[in-house]
> 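To start, I am sharing the structure in question, which I have written as structure tokens.
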Amino acid sequence: MAYDPPLAGVEILDLTAGPITAVGRLLADLGAHVTAVNLAGVTADDTVGPNIDGVPIGTAINRHGVPTVEIDTSTPAGQRSWVTMLAAADILIENTPPGSAAEESLAVKQIHADHPSLVILSISDFGRDTRYGNWQATTPVLHALTSELSRSGIPGQAPLVPPSADLPYHVAAAQAAFFTLCVFLDRLRTGTGDLIDFSVLEGAMQTLDPPFGTAGSAAAGVPISEQQRDWVAEQQRYPIIKCKDGHVRMCVLAKRQWQGMFEWMGRPEEFADPKFNSLRERFASATLFGAIEQFCSDKTRADLELAGQRHGVPTAAVLSLAEALSTEQVAARGFFREAELSPGLTAPVPVGVVEVDGYRASSLNFDTSQHQRLRDAPMLTARDRAGLGLPLEGLRVLDLGVIVVGSDTGRLFADLGADVVKIENSAFPDGLRISLTRMTQAYAAGHRNKRSIGIDLRSDGGRALAHQLVAQSDVVLSNFKPGVAAALGMDFAALQQINPGIVVVDSSAYGPTGPWAKRLGYGPLVRAAAGFTKLWTYPDDPDAFCDTVTVYPDHVAARIGALSAVALLLRRERSGRGGSASIAQAEVMLSHLADDIAAEVLTNRGHAPDDQPAHDAPWGVFPGAGDDTWIAVTVRDNADWSALCAVIDRPDLGADVELRSPAGRHRQRARLDEALSAWTSRRTPADAMARLQAAGVPAGAVLHAVEVPTWDYYVERRAFREELHPHGAAPFMMENVQIHADLIPDPLLGQAPLLGEQTREVAAELLGLDDDKIEELIARGVLEVPAAAAHSGR
């Protein structure tokens with residue numbers, strides 16, 4: 001069967017400019033017909049570099065294959081064209097600055113009133129419904145205000161801005177695209193669109209390294225907000241170890257991984273005590289880390305990778321970006337393809353971050369202009385809605401996911417109204433469960449609003465029950481190592497025989513094919529193998545790797561998976577059949593570096609890079625008054641520079657002719673940093689931020705995780721709420737609002753379940769089993785309930 005792009009037939013008008021054009025790129029690659037509209041007086045002239053031969057590479061990649069139309073609504077012909085386009089569109093995307101003449105000219109609320117079936121995604125850095133709407137953002141400012149920056153870098157030094165110039169926008173784009181498709185899916189059955197007020201800051205906070213979201217296994221159930229910065233412990237979580245020809249990163253967290261490491265090292269007597277099976281004991285050892293370093297010192301990266309995989313110790317070489325791009329895995333997967341970004345300017349670009357039905361989902365692979373439009377949802381209209389106003393009501397999702405990617409993908413569906421049933425078993429518990437009897441904040445955050453059924457998928461009876469659930473479901477999610485789902489009879493090939501309309505989404509470290517497909521992968525190891533870790537260093541200390549704490553790209557990979565599932569559900573409304581999607585976390589990460597990769601290749605081929613500095617000056621993170629307090633401050637242009645000089649009361653700098661141009665400021669960067677530091681170091685970051693933002697200068701206090709829920713901005717946006725859990729020691733701080741839109745309420749208050757907590761309920765309701773049969777299956781171990789309830793009859 002020929003490839004059928006999931007979003008074919010969906011018409012999108014995209015008025016955005018700048019890095020958030022990444023939203024349109026994601027939707028175009030999934031098959032939507034995206035038209036970039038340059039609307040006179042509305043669309044900004046904001047491009048994304050680096051610039052090669054005068055071409056902004058980031059913008060060229062995001063707009064590749066996307067047709068552009070010019071419209072001037074001040075003319076009668078232009079007005080008629082615009083009204084006609086709006087009437088024919090399904091989705092409108094815009095990012096006019098709040099309070100600007102462009103926002104007033106576009107009049108998006110009037111468009112919403114005139115075209116009530118249109119789904120409108122209105123993007124701004126700080127949202128439109130708070131007193132922060134006019135604040136200014138740049139990448140460092142967003143990193144600061146999400147709290148991610150407080151966890152990046154070496155304690156005692158200035159926090160380190162992560163690599164990828166537009167990373168907060170890239171991750172927020174995935175969330176924005178997912179939300180938009182969810183609202184559109186519901187519009188197909190209700191006939192009513194909505195206006196989404198999307199904040200890039202909130203999207204980045206929830207999707208890059210959320211302070212109150214799910215945390216990685218190394219956090220041992222301790223929420224990020226309660227973790228203390230400990231550089232030694234951070235290096236031990238996923239240690240980066242010097243070897244003969246560079247560095248490798250290892251994962252020695254689980255008991256089995258330590259036992260593999262112990263065997264690999266030759267069973268040294270010094271570490272034979274069973275106490276070393278405990279992660280806490282290993283972290284506390286004064287000699288273990290040094291012994292592992294000594295063991296690795298005379299071995300090459302390649303030797304350590306192979307031996308580590310053989311002993312069950314996940315190991316990845318720390319590669320440069322160039323090395324990562326030349327690996328056999330990247331070559332085998334065909335993730336990059338040459339594309340003409342401008343006449344005479346051809347460079348490698350990603351061929352989509354999702355594989356659909358085994359095909360790369362990319363506009364490079366199909367023509368989206370000749371597909372039938374989606375006008376209603378014949379399959380969804382037959383589904384009952386609970387009347388909660390949530391867009392995914394009536395859908396059922398089976399969640400086999402584990403750790404961060406797994407938990408987040410299902411939770412996104414659950415928060416938006418889907419019935420999400422987590423299938424699990426205590427023989428192979430989710431690594432995010434630190435205990436089977438008590439609840440941690442991380443697990444509560446990742447699995448709220450879900451139900452849990454304990455099923456042994458290794459047994460024939462368990463698989464048969466799971467298949468009965470599949471027959472009644474819409475989506476199955478997993479993030480096992482490739483091959484595991486097939487062994488359990490839960491892969492797409494098996495499930496489509498049971499339910500031809502089923503959508504199956506899987507996520508893995510390196511993808512389902514290629515020589516690395518079955519490598520054990522964790523986010524930090526994927527970062528090392530994809531070249532990201534090597535970039536996440538201070539310029540003057542390239543061996544002090546600083547990406548140990550954050551869990552990127554897990555959360556954004558979850559959004560890509562959820563986005564793919566909804567796209568396939570939309571295709572099901574058109575075709576009646578389901579489909580499969582696969583996401584490789586390494587490729588998601590490489591897509592965020594696409595413009596840098598293309599620019600380097602072009603430069604090496606002799607094309608001319610722009611000789612302007614990457615950023616104006618001053619631009620960076622500066623000390624505040626007090627211990628470990630910092631503020632991100634960025635000057636973008638001459639207007640920002642003049643405003644900054646006024647705020648810090650330095651008219652002498654403002655009058656300096658040398659400093660009246662970006663080039664001059666760049667030459668004096670050290671002098672300007674010193675002047676700004678002298679001013680910021682006498683003020684709290686909150687005070688300095690308020691003064692600078694009032695003058696229009698992008699600035700953001702580096703928030704610590706615990707400070708995020710109480711900052712006025714997040715309070716106004718209802719971003720967090722506290723929840724009590726019967727199996728938790730204290731109230732949990734949780735994310736709250738997902739979609740800011742007129743018709744969509746806050747997420748439900750369903751608490752994360754213990755393993756098998758709803759086994760009896762789901763078995764009776766969905767599997768049609770009576771009490772006696774349920775008890776028999778529990779006794780045989782085919783079904784499972786929480787230990788305390790095993791004989792209670794509840």
Side-chain angles (χ1 to χ4, degrees), residues 3-39 42-44 46-48 56 58-71 81-82 84-96 106 108 111 115 118-123 169-170 172-185 187-188 193 196 198 339-341 349-354 356 360-374 560 563-564 566-568 570-571 574 591 594:
Y3 175 53
D4 185 3
L7 296 184
V10 178
E11 290 287 336
I12 299 178
L13 303 180
D14 188 353
L15 278 68
T16 61
I20 207 63
T21 51
V23 177
R25 173 78 276 146
L26 288 169
L27 298 174
D29 280 342
L30 286 168
H33 185 237
V34 178
T35 301
V37 181
N38 287 337
L39 199 60
V42 171
T43 308
D46 181 11
T47 59
V48 183
T59 297
I61 290 174
N62 285 348
R63 291 304 194 207
H64 183 262
V66 174
T68 300
V69 299
E70 307 279 344
I71 295 182
S81 295
W82 179 231
T84 299
M85 292 182 75
L86 287 172
D90 297 302
I91 296 168
L92 171 69
I93 310 174
E94 66 91 12
N95 71 329
T96 54
L106 180 61
V108 72
I111 292 175
H115 303 272
L118 187 64
V119 174
I120 303 174
L121 175 64
S122 182
I123 304 171
Y169 292 94
H170 282 301
Q175 179 140 309
F178 167 67
F179 287 168
T180 303
L181 286 195
C182 289
V183 175
F184 177 61
L185 183 75
R187 191 220 80 178
L188 291 177
I196 303 169
F198 184 82
E340 190 173 53
L341 300 177
V349 301
V351 192
V353 292
V354 181
V356 173
R360 282 282 178 189
S362 169
S363 62
L364 293 171
N365 288 341
F366 51 81
D367 176 11
T368 63
S369 62
Q370 303 297 321
H371 286 80
Q372 183 177 357
R373 295 287 305 285
L374 271 169
I560 298 291
L563 169 69
S564 305
V566 176
L568 284 167
L570 285 164
R571 187 182 72 176
R574 174 168 48 78
S591 75

> Should Trp82 and Ile111 count as side-chain neighbours, where that means a heavy-atom distance under 4.5 Å?
yes
> Of Ser362, Ser363, Ser591, which meets side chain to side chain donor-acceptor pair (under 3.5 Å) against Arg25?
Ser363
> Mark yes or no for whether Thr35, through its side chain, and Leu13, through its backbone, hold a donor-acceptor pair below 3.5 Å.
no
> Can you spot which of Thr43, Leu39, Val42 makes a side-chain contact (heavy atoms from CB on, under 4.5 Å) with Ile71?
Leu39
> Using 0.5 Å steps for rounding, measure from the CG atom of Asn38 to the CG atom of Leu15.
8.0 Å
> Considering only heavy atoms from C-beta outward, does the side chain of Asp29 approach that of Val354 to under 4.5 Å?
no
> Is there a donor-acceptor pair closer than 3.5 Å between any side-chain N or O of Asp90 and the backbone N or O of Glu11?
yes
> So, does Arg63 use its side chain to make a donor-acceptor pair with the main chain of Thr68 at under 3.5 Å?
no
> Could you check whether any side-chain heavy atom of Val183 comes within less than 4.5 Å of a side-chain heavy atom of Ile91, counting everything from C-beta outward?
no
> Hey, could you give me the NE2/CG distance between His64 and Leu364, rounded to the nearest 0.5 Å?
5.5 Å
> What class does the angle between the rings of Phe366 and Tyr3 fall in, given that below 30° is parallel, 30 to 60° is tilted and above 60° is perpendicular?
tilted
> Given the rule in the side-chain contact (heavy atoms from CB on, under 4.5 Å) test, do Leu181 and Leu27 qualify, once you have shown the distances and angles that lead to the verdict?
CA-CA 9 Å; Leu181 286 195; Leu27 298 174; 4.0 Å; yes
> Closer than 3.5 angstrom, by distance alone: can the side chain of Arg187 be matched with the main-chain N or O of Gly193 as a donor-acceptor pair?
no
> Any donor-acceptor pair under 3.5 Å linking the side chain of Arg360 with the backbone of Asn365?
no
> What's the spacing between Phe184 CZ and Leu570 CG if we round to 0.5 Å?
6.0 Å
> What I'd like to find out is whether the side chain of Val69 reaches to under 4.5 Å of the side chain of Met85, using heavy atoms alone.
yes
> Treating Asn95 as the side-chain partner and Ala17 as the backbone partner, does any N or O pair qualify as donor plus acceptor under 3.5 Å?
yes
> In Å and rounded to the nearest 0.5 Å, what is the CG to OG1 distance from Leu121 to Thr180?
3.5 Å
